[in-house]
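Only one structure is covered here, and it is reproduced in the block below.
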Amino acid sequence: MTPTRDDETALRRSRAYIYSQERQITDAGRHTGRAKRWIAEESRSPAGRSQDNRAIRIAAKFEGIVAPVLRTCLFRKKERLVAMAGGKVYSFEEVAKHNEREDCWLIIAGKVYDVSPFMEEHPGGDEVLLACTGKDATADFIDIGHTATAKELMPQYCIGEVDASTIPSKIAYRGVAPQDASPKPDAASGSAWLTVLQLAVPLLLLVLAFALQDFAKSKTE
Ligand code: HEM
């Protein structure tokens, strides 16, 4: 998708806003020397790391310090970049590589979510999110019964789509596979025998008990 003039203007405005916020963060005397050093280091980040990603990483790092408005702006910005890139398509293998707390990608309903900045905030904890890497997490997400609030949060973490043809079928649909769920012929006949035995044994015992009782009666007469 080619960016339109409007897109470019919005991008420029957004970038200017991010950098003005960044300056405010750096200038705010309440930050420690370490925080300032970190921002300075990030500012000298090598070519290849885009300025937008740098701003996003700064926001993620200063979780709790950075004003929520800045974070919202940064993530909207990220979302916009993805949309402008035409929504990147990742292979399953590529997505599966991002399986750490600081770098966690999820596949939900065909979309790829980079939830790394959300790990600590996630009300269900970071462990569940980590456990959902390397697979199609759609069913897990739905099973929890996430509310509309959760769904509203999702777009800001969306970084593109997964190429569905690259998802291994075993991983895409976890749970009992249809062929496992259907009883196998051998297993079926085995369980039939078990049922017959379960009924026959108590009956045999009953008959034996009556026979013994009869025998004992006839002895006493
Ligand atoms: C981008 C992805 C996700 C977002 C934005 C998200 C967001 C949320 C939010 C906002 C809540 C609070 C309850 C609600 O409003 O629904 C929540 C709870 C929870 N989430 Fe997620 N979630 C995501 C993915 C997942 C995944 C893949 C799992 C895997 C099982 C998961 C497991 C849970 C659990 C266990 C809870 C706690 C439910 C409870 O306490 O009743 N979440 N999530």
Side-chain angles (χ1 to χ4, degrees), residues 1-4 6-8 10-15 17-19 21-22 42 45-63 66 68-142 144 146-168 171-172:
M1 201 203 312
T2 331
T4 63
D6 275 349
D7 280 332
E8 275 167 2
L11 204 62
R12 250 200 324 277
R13 278 203 195 122
S14 168
R15 202 170 268 148
Y17 178 71
I18 289 167
Y19 295 136
Q21 292 292 312
E22 236 185 88
E42 284 296 308
S45 64
R49 281 191 195 176
S50 79
Q51 292 203 317
D52 304 316
N53 283 341
R54 178 164 59 84
I56 287 163
R57 281 202 311 281
I58 290 174
K61 182 100 179 175
F62 289 97
E63 185 90 45
V66 175
V69 64
L70 171 61
R71 289 191 54 236
T72 311
C73 165
L74 291 172
F75 287 120
R76 282 219 188 104
K77 166 92 191 54
K78 191 177 175 188
E79 205 186 334
R80 188 166 192 89
L81 284 176
V82 169
M84 283 173 67
K88 199 167 170 201
V89 179
Y90 299 90
S91 70
F92 174 80
E93 205 189 336
E94 166 69 41
V95 178
K97 283 184 203 156
H98 303 267
N99 57 0
E100 288 164 23
R101 221 167 240 102
E102 302 74 30
D103 179 25
C104 179
W105 290 15
L106 299 177
I107 298 171
I108 301 170
K111 295 225 164 92
V112 179
Y113 296 91
D114 176 358
V115 288
S116 320
F118 184 56
M119 299 298 274
E120 278 180 29
E121 265 176 57
H122 182 230
D126 55 0
E127 288 296 333
V128 276
L129 297 183
L130 264 181
C132 284
T133 57
K135 65 172 184 168
D136 183 340
T138 313
D140 301 82
F141 182 84
I142 294 170
I144 296 299
H146 281 92
T147 62
T149 317
K151 286 166 197 159
E152 275 163 24
L153 286 173
M154 291 176 84
Q156 61 189 322
Y157 302 111
C158 184
I159 54 165
E161 286 173 24
V162 66
D163 177 353
S165 68
T166 61
I167 305 181
I171 290 170

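All residue numbers in this chain count up from 1 along the given sequence.
- For D163, there are no salt bridge (charged side-chain N to carboxylate O under 4.0 Å, His left out) partners two or more places apart in sequence or in a different chain.
- In this structure, E121 contributes its side chain and F118 its backbone to no donor-acceptor pair below 3.5 Å.
- Atom SG of C104 and atom OH of Y113 lie 13.5 Å apart (nearest 0.5 Å).
- Shown here for G134 and F92, the closest heavy-atom pair between the two residues is O-CZ, 3.2 Å.
- Under the salt bridge (charged side-chain N to carboxylate O under 4.0 Å, His left out) criterion, D140 pairs with K135, not counting sequence neighbours.
- Every residue two or more places apart in sequence or in another chain that forms a salt bridge (charged side-chain N to carboxylate O under 4.0 Å, His left out) with E127 is listed here: R101.
- For the atom pair CG of L106 and NZ of K111, the computed distance is 14.5 Å after rounding to the nearest 0.5 Å.
- Side-chain contact between T166 and E93 is absent, with no heavy atoms from C-beta onward closer than 4.5 Å.
- With sequence neighbours excluded, the residues that form a side chain to side chain contact (heavy atoms under 4.5 Å, CB included) with E94 are Y90, S91, K97, H98, W105.
- A heavy-atom distance below 4.5 Å is found between the side chains of I108 and M154.
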| Intermediate values then yes/no, side-chain contact (heavy atoms from CB on, under 4.5 Å), K88 and V112 | CA-CA 9 Å; K88 199 167 170 201; V112 179; over 6 Å; no
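- The side chain to side chain contact (heavy atoms under 4.5 Å, CB included) search around N99 returns T133, not counting sequence neighbours.
- Interatomic distance, CG of D114 versus CD1 of I159, reported as 5.0 Å (0.5 Å rounding).
- One distance of note links CG of D126 with CD of E102; it measures 9.5 Å at 0.5 Å rounding.
- Minimum heavy-atom separation, F141 to K151: CE2-CE, 4.3 Å.
- For E100, there are no side-chain hydrogen bond (donor to acceptor under 3.5 Å, both in side chains) partners two or more places apart in sequence or in a different chain.
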